[in-house]
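Report on one structure; see the data block that follows.
Values in this document were obtained by computation on a predicted structure and should not be read as measured data. Residue numbers start from 1 in every chain, and the chains themselves are labelled A, B, ... in the order their sequence lines are given, proteins ahead of strands.
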There are 2 protein chains.
Amino acid sequence: MSAVLHNRIRVFRAEHRLSQSDLADIIGVSRKTISTIEVGRFVPSTIIALKIARHFEVPVEEIFALEQLSDSP
Amino acid sequence: MSAVLHNRIRVFRAEHRLSQSDLADIIGVSRKTISTIEVGRFVPSTIIALKIARHFEVPVEEIFALEQLSDSP
DNA sequence: AGAAAATGAAACCTTAAGGTATCAATATGA
DNA sequence: TCATATTGATACCTTAAGGTTTCATTTTCT
């Protein structure tokens with residue numbers, strides 16, 4: 001199941017002038033969660049992805065994208 | 001972070017005549033993973049959600065939807 | 001420059017995701 | 001009807017997500 005998850009959270013945060021803490025509070029998670037997702041260390045749950053996308057009013061695919069690796073078609 | 005994640009995987013599987021095993025193989029996860037997600041017992045990772053949506057050629061939001069509960073805006 | 005805000009990271013902990021294997025019940029089809 | 005496929009569930013295990021807290025570094029703003 002090795003795939004890399006790219007994200008553009010930082011871009012959307014910047015556009016909306018939100019700090020990681022701001023977004024974390026809005027979404028209802030900890031700042032660490034936003035930070036680790038943003039840096040690409042953790043893969044968020046679908047619930048978190050949907051909440052972030054919903055807040056920025058874009059589809060999930062505009063924020064998160066798969067980068068194909070070796071396996072998993 | 002209590003939210004319920006609705007999904008329409010079964011509908012898309014039916015339309016595409018795929019068994020849980022079929023989809024599991026295509027996505028690269030176990031059948032149990034598809035089953036538990038479909039039944040709503042587990043919340044899948046964003047990677048799995050993207051892979052499922054990509055296979056059915058629809059946005060994630062057409063397959064997975066948040067159902068608001070008490071907290072978490 | 002100096003204070004305050006923002007960010008990345010680390011340690012530590014708890015719980016959920018996801019894997020394998022197996023079984024029973026239900027569909028499906030020849 | 002009988003065989004096969006499909007599905008839901010269970011038990012057990014491993015690892016990653018996500019939380020809290022804290023610290024150092026970097027940005028940002030006066």
Side-chain angles (χ1 to χ4, degrees), chain A residues 1-56 60-73, chain B residues 1-56 60-73:
Chain A
M1 229 248 302
S2 60
V4 167
L5 186 65
H6 283 227
N7 80 85
R8 306 205 308 146
I9 297 177
R10 187 175 322 227
V11 176
F12 282 93
R13 274 203 305 108
E15 284 177 357
H16 293 245
R17 315 274 170 173
L18 293 176
S19 70
Q20 292 182 344
S21 289
D22 294 335
L23 182 57
D25 290 345
I26 292 170
I27 301 304
V29 297
S30 73
R31 181 180 73 82
K32 180 223 174 189
T33 296
I34 298 295
S35 177
T36 50
I37 292 172
E38 194 169 301
V39 179
R41 278 153 52 76
F42 287 178
V43 173
S45 75
T46 299
I47 288 181
I48 294 178
L50 284 169
K51 285 183 177 176
I52 294 175
R54 181 178 63 183
H55 179 259
F56 290 129
V60 168
E61 281 84 352
E62 273 198 39
I63 300 183
F64 296 96
L66 293 171
E67 162 128 354
Q68 227 72 300
L69 282 205
S70 45
D71 61 83
S72 69
Chain B
M1 225 252 301
S2 59
V4 168
L5 185 65
H6 284 227
N7 80 86
R8 305 207 306 147
I9 297 177
R10 186 173 323 223
V11 176
F12 282 93
R13 274 202 307 108
E15 283 177 358
H16 292 245
R17 315 275 170 171
L18 292 176
S19 69
Q20 292 181 344
S21 288
D22 294 335
L23 182 57
D25 290 345
I26 292 170
I27 302 304
V29 298
S30 72
R31 181 181 72 83
K32 179 219 176 192
T33 296
I34 298 296
S35 177
T36 51
I37 293 171
E38 194 169 299
V39 179
R41 276 151 56 74
F42 286 179
V43 173
S45 75
T46 298
I47 288 181
I48 293 178
L50 284 170
K51 285 183 178 176
I52 294 175
R54 181 179 61 183
H55 179 260
F56 290 129
V60 168
E61 281 84 351
E62 274 198 40
I63 300 182
F64 296 97
L66 292 171
E67 163 126 353
Q68 228 71 298
L69 281 206
S70 46
D71 61 84
S72 69

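- Between the side chain of Arg41(A) and the base of dG18(D), no donor-acceptor pair under 3.5 Å is found.
- Candidate nucleotides dA17(D), dG8(D), dG18(C) were compared by shortest atom distance to the side chain of Gln20(B), and dG8(D) ranks first.
- Summarising the geometry, the separation between CZ on Phe42(B) and P on dG18(C) is reported as 8 Å, rounded to the nearest angstrom.
- Distance CG (Asp25(B)) to P (dT20(C)): 11 Å, rounded to an integer number of Å.
- Between Val60(A) and Glu61(B), the shortest heavy-atom contact is N-OE2, 3.0 Å.
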Subject >> side-chain contact (heavy atoms from CB on, under 4.5 Å) evaluation trace for Thr46(B) with Asn7(A) >> reply: CA-CA 11 Å; Thr46(B) 298; Asn7(A) 80 85; over 6 Å; no

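- When the C1' atom of dT28(D) is taken as reference, atom CG of Leu18(A) falls 17 Å away, rounded to whole Å.
- One finds a side-chain N or O of Ser45(B) lying less than 4.0 angstrom from the OP1 or OP2 phosphate oxygen of dG18(C).
- Within the 4.0 angstrom heavy-atom criterion, only backbone atoms of the sugar-phosphate kind lie near Ser19(A); the bases stay farther away.
- Checking dT7(C), dT20(D), dT6(D) against the side-chain heavy atoms of Lys32(A) singles out dT20(D) as nearest.
- We find the CD1-CG distance between Ile9(B) and Leu23(B) to be 7.0 Å, quoted to the nearest 0.5 Å.
- Residues Thr36(B) and Asp22(B) both approach DNA chain D. Their nearest nucleotides, taken by heavy-atom distance, put Asp22(B) toward the 5′ side.
- Each of Pro44(B) and Val39(A) lies near DNA chain C, and the nucleotide nearest Val39(A) is the one positioned closer to the 5' end.
- For the pair Ile52(B)/Phe64(B), a side-chain contact is recorded, criterion being any heavy-atom separation below 4.5 Å from C-beta on.
- Considering only the side chain of Ser35(A), dG8(C) comes nearest among dG8(C), dG18(C), dT7(D).
- Between Asp22(A) and Arg17(A) the shortest side-chain heavy-atom distance does not fall below 4.5 Å.
- Whole-Å rounding puts the Ile34(B) CD1 to dT6(D) C1' distance at 14 Å.
- Of the listed nucleotides (dA9(C), dG18(C), dA9(D)), dA9(C) has the atom at the smallest distance from the side chain of Arg31(A).
- Among residue pairs with one or both ends in residues 33-48 of chain A, those qualifying as salt bridge (charged side-chain N to carboxylate O under 4.0 Å, His left out) are Arg10(A)-Glu38(A), Arg13(A)-Glu38(A); sequence neighbours excluded.
- In this structure, the CG atom of Leu23(B) is 19 Å from the P atom of dA5(D), given to the nearest Å.
- Here the side chains of Phe12(A) and Glu62(A) are in contact, with some heavy-atom distance below 4.5 Å.
- In this structure, CD1 of Ile48(B) is placed 13 Å from C1' of dA16(C), rounded to the nearest angstrom.
- Using a 4.0 Å cut-off on heavy atoms, the residues of residues 7-17 of chain A that approach DNA chain C are Arg10(A), Arg13(A), listed by number.
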